[in-house]
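Please read the structure below before turning to the comments.
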Amino acid sequence: MLALYDTAARGVRSLDVGQDRLFRLYVCGPTVYELPHVGHGRALLVYDVLRRYLEGRGVPVRHVSNVTDVDDKIIARALSEGETPEAIAARYEEEWWAASDRLGVLRPSSAPRATEYIEEMVGLIAELVAARVAYEAPDGVYLETGKVSDYGLLTPQALADLRAGARVETVAGKRSPLDFALWKLAKPAEPAWPSPWGAGRPGWHTECVVMALDLLGEDFDLHAGGTDLRFPHHENERAQASALGRGFARHWMHHEMVNAAGGEKMARSAGNFTTLTELLDEVDPRAYRLLVLRAQYRQPMEVSPAALADATAGLARLDALARRLLAPGGSAPGGSGSGGSAPGGIAADPAVLERFGACLADDLDTPGAAAVLFDAVRAANAAADAGDNETAAGLARAVEAAAAWVGLPLRGGRAEVPEAIQELVARRERARTARDFAAADRLRDELARAGWAVEDTPAGSLVRPSSA
RNA sequence: GGCGGCGUGGCCGAGUGGUUGAGGCAAGGGCCUGCAAAGCCCUGUACAGCGGUUCGAUUCCGCUCGCCGCCUCCA
């Protein structure tokens, strides 16, 4: 029912999922110190699709995703903007959820903040110190990675090589460059919490372990995040659990990054989008979802104005199908021939949904699933052209259901049409009936300038906002 | 420097050791339409280069070139 590439196993492996057991998912969330960018959007969408796939299969999912609200970058931002770190974190967390909502991403079951877990983190660090896998240095407490027997599970390269080439930051008292901070002693004016080692704040890698174990328990099903988190973040997370003999993630999933057009750096001046917030102001959020779906999650993906335009066009094709074959009664073109709304009671074509689901189950092959979707669109339109409304309706219903499954609601319904626009449409209809096509075309131009597109169908003229 | 990944038609993007190359966008031709729009039908000498393995490679192996990521900021 689901196979995913597992970073630890370095291959695609089946996951143990079923309707009778809770699927426990942990996704690394954001550090809230700036506006989310398009890459964050991809991350949100990839795991949203995974979750919707499972839930659509009837699998209950507990989805935990943290919010890092205490961190060096937040502190730096606060200093540069003359605000408190708390205010910075609160503001950008709000922006994060706003963008997530606009994308139509389901909120996690739990979204704990790091600052809500300080005591638990101190407790875990104390355990690590007691187990002698962590030690105190002048500026904090470090985990001694050399004492974790399976350190490097997620990291293909030999740790010796890794040590050799890396920028090595010399920290007095650190026993190995690979050792990482569990607790950072506070400098003056920095946010601080009490601890047995002095006032300070937790290192970044500890919150996820503590939250995952607390909210999901040991041996949870899947831990996910961007490839950039594979090392050191995820390696270090699991090192802590491993050092204490706790079972951690059974499966590790990493999605690839987003690139700008042609390797160009994303910049507003280049006409690219940099923040997700900006992007969502410019394009239909569903178009970005479709763009993300059309790339496999383990492949880098390009986000450019051209790519977004492409996705927008594809989305318009889906919406056009919904408009033609799924629109509720009323002004929908009815009857036989080239149009007709779906006859009631027609079920979604099961073969389409089956093929669609099979693609998703196969390492989240969303490009394949999209191909199934668009195949069905063509078949539905062809059936409708041939007057086979029953087949057309079944296929259209399947398209609608499949798209909705991955969080892509289609817009087939008539938009609210202002009275003035309706009047222009009516006048144009009268002109056409009178075969005064010059007048009809002038009215169509007028509607276009007002942002409305007209389509003449056997059942009458339809208008819609020209952007849709 | 080390490690990993990628290079498929105008663009995006799947996929496969073998007579017939998913899907989308764009383009050209046709049908439909008063004209459009939407839709349908048709149209594409692709797999970076060079070697190797093989009866046969785009698909496996090696090398070269190019691009990208990671090597304790990072989705």
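Lettering follows sequence order; numbering is per chain, from 1. Just so you know, these numbers use all the heavy atoms, side chains as well, and skip hydrogens, waters and symmetry mates.
You won't find any donor-acceptor pair under 3.5 Å spanning the side chain of A/Asp385 and the base of B/C32, going by distance alone. Residue side chain A/Asp375 does not reach the base of B/G23 through any donor-acceptor N/O pair under 3.5 Å, judged by distance alone.
Of all nucleotides listed (B/G24, B/C71, B/A14), B/C71 comes nearest to the side chain of A/Phe231. Residue A/Arg10 has its side chain nearest to B/G4 when only B/A22, B/A75, B/G4 are considered. The side chain of A/Thr31 sits closest to B/A75 out of B/C35, B/A37, B/A75. Proximity note for A/Ala43 (side chain, C-beta onward) versus B/A75, B/C40, B/A22: the nearest is B/A75.
Residue contacts for A/Ala307: at a heavy-atom cut-off of 4.0 Å it reaches no nucleic acid atom on any strand shown. If you check every strand for non-hydrogen atoms under 4.0 Å, A/Arg294 touches sugar and phosphate atoms only. A/Asp72 comes within 4.0 angstrom of nothing in the nucleic acid, heavy atoms only. A/Arg444 comes within 4.0 angstrom of a nucleotide base, judged by non-hydrogen atoms across all strands. Among the protein residues, A/Glu235 comes within range of no part of the nucleic acid, since none of its heavy atoms lies under 4.0 Å from any strand. As judged by a 4.0 angstrom heavy-atom cut-off over every strand, A/Arg442 is placed among residues making no nucleic acid contact.
Look at B/A36: it lacks any Watson-Crick or wobble partner with both distances under 3.5 angstrom. Under the Watson-Crick or G-U wobble criterion, with both distances below 3.5 Å, B/G9 has no partner in any strand shown. Base-pair partner of B/U54: not found among the strands shown (Watson-Crick or G-U wobble, both distances under 3.5 Å). The partner of B/G69, taking Watson-Crick or G-U wobble pairs whose two distances both stay under 3.5 Å, is B/C3. Base-pair partner of B/A27: B/U43 (Watson-Crick or G-U wobble, both distances under 3.5 Å).
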**Report entry** side-chain contact (heavy atoms from CB on, under 4.5 Å) evaluation trace for A/Glu256 with A/Gln299
**Finding:** CA-CA 5 Å; A/Glu256 256 298 344; A/Gln299 299 299 335; 5.5 Å; no
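Taking the six-membered ring where the residue is Trp, A/His234 and A/His254 present tilted rings, their angle falling between 30° and 60°.
The phosphate of B/C41 has OP1 or OP2 within less than 4.0 Å of a side-chain N or O from A/Arg378.
Using a cutoff of 4.0 Å between basic side-chain nitrogens and carboxylate oxygens, A/Glu95 and A/Arg91 are not scored as salt-bridged. For A/Asp139 and A/Lys187, the salt-bridge test fails: no basic side-chain N is under 4.0 Å from an acidic carboxylate O. Using a cutoff of 4.0 Å between basic side-chain nitrogens and carboxylate oxygens, A/Arg289 and A/Asp284 are not scored as salt-bridged.
As rounded to whole Å, 14 Å separates atom C1' of B/C71 from atom CG of A/Leu229. The CG atom of A/Leu290 sits 11 Å away from the C1' atom of B/G23 (whole-angstrom rounding).
Going from the P atom of B/A26 to that of B/U64 covers 42 Å, rounded to whole Å.
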